[in-house]
Trainee: 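Sharing a structure with you now.
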Amino acid sequence: MEKLNEGHDAVVNVLSTRLGNLKVVRSYWAQNDVRGALDAMADLQDQGVIVDVLKTLCLRPSMWTLDVCLVVLPLVNGVATSKYESYVLCGLDVVKLVLKSFGAMIRTNLNAPQSIGVDFAAEERTTKCKACHRELAKLNDLVSSLSRGQTDKVAG
């Protein structure tokens, strides 16, 4: 019986913390404040919660915007270096979704000539696309390093 109870307290603590963190994120989500939920998730830095939310977002591609990408892509970097294969695969699913949904827009806005006149929406979109491109480039470097077995250089 003692063997069964050895790790029980640690597991209960981890699950209790995860539940509390998910409740925080869900409180924003229930108010249809996706950005608030994502910001709360990012602040919590709980990889389990991040993966849970990312899996949910991957099931709802219509919820994705450039703003969502800007919050999520930096978090994928941490998930992609996880020791848990399911977390890594979730991160790769996110990258695949972002590239499928926004790759063409990001590429187009990176190479777009400067417009004549003032177009705040275009300038904002270009800024967001450049930021997404930077995060995707970091992830590309990470994946390249992982494929060469150099995780210690990337994670540090």
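Computed from a prediction, not measured in an experiment: that's the story for all the values here. Here, residue 1 is the first one in the sequence, and each next residue gets the next number.
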Trainee: Flag the pair L89 / E85 as yes when at least one side-chain heavy-atom distance between them is below 4.5 Å, and no otherwise.
Mentor: yes
Trainee: Determine the minimum heavy-atom distance between Y28 and G36, stating which atoms define it.
Mentor: CG-C, 3.7 Å
Trainee: Identify the two heavy atoms, one from A131 and one from L70, that lie closest to each other, and give their separation to 0.1 Å.
Mentor: CB-CD2, 3.4 Å
Trainee: Taking atom CG of L22 and atom CG of L44, what is their separation to the nearest 0.5 Å?
Mentor: 9.0 Å
Trainee: So, taking the atom named CG in N21 and the one named NZ in K23, what distance separates them when rounded to the nearest 0.5 Å?
Mentor: 11.5 Å
Trainee: Can any side-chain N or O of Q47 pair as donor or acceptor with the backbone N or O of G78 at less than 3.5 Å?
Mentor: yes
Trainee: Does the side chain of Y84 come within less than 4.5 Å of V79's, by heavy atoms?
Mentor: no
Trainee: Check residues 94-112 and write down every donor-acceptor pair under 3.5 Å in which the side-chain atom is one partner and the other belongs to a residue at least two apart or another chain.
Mentor:
from : atom 1 : to   : atom 2 : distance (Å)
S101 : OG     : L97  : O      : 3.0
T108 : OG1    : A104 : O      : 2.8
N109 : OD1    : T126 : OG1    : 3.3
N109 : ND2    : M105 : O      : 2.9
N111 : ND2    : R107 : O      : 3.3

Trainee: Nearest heavy-atom pair of S82 and Y87: which atoms, and what distance?
Mentor: OG-CD2, 3.4 Å
Trainee: Once rounded to the nearest 0.5 Å, what's the spacing between atom CE of M41 and atom CG of D52?
Mentor: 10.5 Å
Trainee: State the SG-CG distance between C69 and L136, to the nearest 0.5 angstrom.
Mentor: 8.0 Å
Trainee: Rounded to the nearest 0.5 Å, what separation is found between the CZ atom of R134 and the CG atom of L139?
Mentor: 13.5 Å
Trainee: Roughly how far apart are K55 NZ and S86 OG, rounded to 0.5 Å?
Mentor: 5.0 Å
Trainee: Side-chain donor-acceptor contacts of residues 58-68 below 3.5 Å, not counting sequence neighbours, with atom names and distances?
Mentor:
from : atom 1 : to   : atom 2 : distance (Å)
W64  : NE1    : L57  : O      : 2.9
T65  : OG1    : D67  : N      : 3.3
T65  : OG1    : V68  : N      : 3.2
D67  : OD1    : K128 : NZ     : 2.8
D67  : OD2    : K128 : NZ     : 3.3

Trainee: Are V24 and L15 connected in a single hydrophobic cluster, I mean Ile/Leu/Val/Met/Phe/Trp/Tyr linked by side-chain heavy atoms less than 4.5 Å apart?
Mentor: no
Trainee: Side-chain heavy atoms under 4.5 angstrom apart, residues restricted to Ile, Leu, Val, Met, Phe, Trp, Tyr: same cluster for V53 and V14?
Mentor: no
Trainee: Looking only at heavy atoms, what is the nearest atom pair of C132 and L73, with distance?
Mentor: O-CD1, 4.0 Å
